[in-house]
Participant: 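Following this message is one structure expressed as structure tokens.
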Amino acid sequence: MSKPDIHLYTAATMNGYKPVIFLEEAGIPYDLTFVDFAKQEQKAPDYLLLNPNGRIPTIIDRSNQNFPVFESGAILWYLAEKYGQFLPASSNDRSETLQWLMFQMSGIGPMMGQAMYFQRIAAPNGQNHPFAIKRYVDESLRLLEVLNTRLKNRDWLAGDQYTIADMATYPWARAYVWAQVSIEGLDHLNGWLDRLSARPAIQKALTIPKAQPAFWGEEDAGAFLEENASRFASDVKSD
Ligand SMILES: N[C@@H](CCC(=O)N[C@@H](CS)C(=O)NCC(=O)O)C(=O)O
């Protein structure tokens, strides 16, 4: 039996869920490799050939000469174009989808990520920086308010349909608790979160990558890199 076109490398994180959501929503078969942060697998030399940034997620497309795609927004865009799904047909609606995808990638993700980092990682490890915490929490709230305003009188972020912009934003927006941001009173955002949380494909996607408690654990990365150097070799583009 031939292998599925898409091989996904991911983990149970906000960015890691995005391609799983797409593939589950579209009902497309795929292979999945869990990338174990505790073992620093995302820094293995052969993985870096697929994702120079040393992070998840990554896909390769076997039907396209093992073409690798990194950056979760670019992965969603690639999959949406390949399968002709969750991307509107009209050019203005496609542009809107790209605008809200960029808004997530450049705003919601980085700001909420830093709000989480300074509160959940830095502060418990003796680096309590209230100025940085306030900056990132305030900015996260502001961005979530932008989403709330956008969702007034509309079900989805772009083009009047469920798109990859919603798929990219959902895993971050639902993690507002980890960023210690309150979304009380943001009724349009809450309604959108409820609509997405009720989708069976999303519910399933959120159970697929294994949770990794040792997200930033201190492991002997060197020994792992040596032992695991060829793990991703078969997926590396061969030119
Ligand atoms: N902009 C990148 C960010 C990827 C990213 O930061 N991934 C995190 C998990 S959400 C990761 O791999 N962390 C492991 C590490 O930092 O080594 C994307 O959207 O794909």
Side-chain angles (χ1 to χ4, degrees), residues 6-23 30 32-61 67-80 86 97-122 125 127 136 139-140 143 157 163-179 202 205-206 208-225 228-229 231-232 235:
I6 300 298
H7 188 154
L8 166 64
Y9 298 85
T10 200
T13 72
M14 279 66 81
N15 292 318
Y17 288 128
K18 295 175 193 173
V20 189
I21 291 174
F22 181 99
L23 292 161
Y30 56 100
L32 192 146
T33 295
F34 298 105
V35 178
D36 190 340
F37 294 162
K39 294 182 182 163
Q40 290 286 290
E41 290 186 325
Q42 74 278 23
K43 312 296 182 201
D46 288 321
Y47 183 77
L48 292 177
L49 295 174
L50 307 174
N51 185 327
N53 195 27
R55 295 194 162 194
I56 61 92
T58 304
I59 59 165
I60 60 159
D61 182 353
F67 185 67
V69 188
F70 78 109
E71 282 296 320
S72 57
I75 291 172
L76 288 174
W77 194 265
Y78 183 91
L79 292 172
F86 306 113
T97 306
L98 189 54
Q99 291 168 46
W100 287 98
L101 183 62
M102 292 291 178
F103 178 76
Q104 184 283 305
M105 293 295 296
S106 63
I108 299 267
M111 293 303 127
M112 290 186 73
Q114 294 306 315
M116 291 175 198
Y117 177 83
F118 277 99
Q119 294 177 97
R120 293 169 56 83
I121 310 291
N125 285 290
Q127 292 287 333
Y136 290 121
E139 185 62 1
S140 299
L143 294 166
L157 286 172
T163 70
I164 55 172
D166 301 290
M167 292 179 188
T169 308
Y170 172 77
W172 281 100
R174 76 189 272 271
Y176 60 88
V177 175
W178 282 6
I202 288 199
L206 296 176
I208 289 176
K210 286 182 294 191
Q212 303 195 68
F215 197 119
W216 273 282
E218 285 182 21
E219 295 284 329
D220 180 359
F224 162 74
L225 291 179
N228 208 31
R231 169 140 182 230
F232 303 100
D235 292 332

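Whatever order the structure lists them in is the order used to number ligands and atoms, beginning at 1.
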Participant: Could you list which atoms of ligand 1 come closer than 4.0 Å to a heavy atom of Pro57?
Facilitator: 20 (O)
Participant: Indicate yes or no: does an N/O atom of Asn53 lie under 3.5 Å from an N/O atom of ligand 1?
Facilitator: no
Participant: Is a side-chain N or O of Gln119 found less than 3.5 angstrom from the main chain of Ala179, in a donor-acceptor match?
Facilitator: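 It does hold such a pair.
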Participant: Give the atom numbers and elements of ligand 1 that come within less than 4.0 Å of a heavy atom of Thr13.
Facilitator: 9 (C), 10 (S)
Participant: Using a strict cut-off of 4.0 Å, indicate which atoms of ligand 1 neighbour a heavy atom of Lys43.
Facilitator: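 Those of ligand 1 that fall under 4.0 Å from Lys43 are 15 (C), 17 (O).
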Participant: Where is the tightest heavy-atom contact between Ala168 and Leu101, given as atom of each residue plus distance?
Facilitator: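 Smallest interatomic distance, heavy atoms only, reads CB-CD1, 3.5 Å.
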Participant: Measure Phe37 to ligand 1 on non-hydrogen atoms and call it side chain, backbone, both or neither using the 4.0 Å cut-off.
Facilitator: side chain
Participant: Hey, is Gln40 one of the residues with a heavy atom under 4.0 angstrom from ligand 1?
Facilitator: no
Participant: Any donor and acceptor pair, going by atom type alone, linking the side chain of Lys43 with main-chain N or O of Gly54 inside 3.5 Å?
Facilitator: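 Yes, Lys43 side chain to Gly54 backbone: donor-acceptor pair under 3.5 Å.
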Participant: Without swapping roles, check the side chain of Asp166 against the backbone of Leu157 for a donor-acceptor pair under 3.5 Å.
Facilitator: yes
Participant: Among Asn51, Asn53, Thr33, which residue meets the side chain to side chain donor-acceptor pair (under 3.5 Å) test with Thr58?
Facilitator: Asn51
Participant: Taking both backbone and side-chain atoms of Gly16, is any N or O found less than 3.5 Å from an N or O belonging to ligand 1?
Facilitator: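 Min N/O separation from ligand 1 is not below 3.5 Å for Gly16.
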Participant: Mark up the atoms of ligand 1 that fall under 4.0 Å of a heavy atom belonging to Gln42, in ascending order.
Facilitator: 14 (C), 15 (C), 17 (O)
Participant: Where does the angle between the aromatic ring planes of Tyr136 and Phe118 fall among parallel (under 30°), tilted (30 to 60°) and perpendicular (over 60°)?
Facilitator: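 Aromatic pair Tyr136/Phe118 classed parallel.
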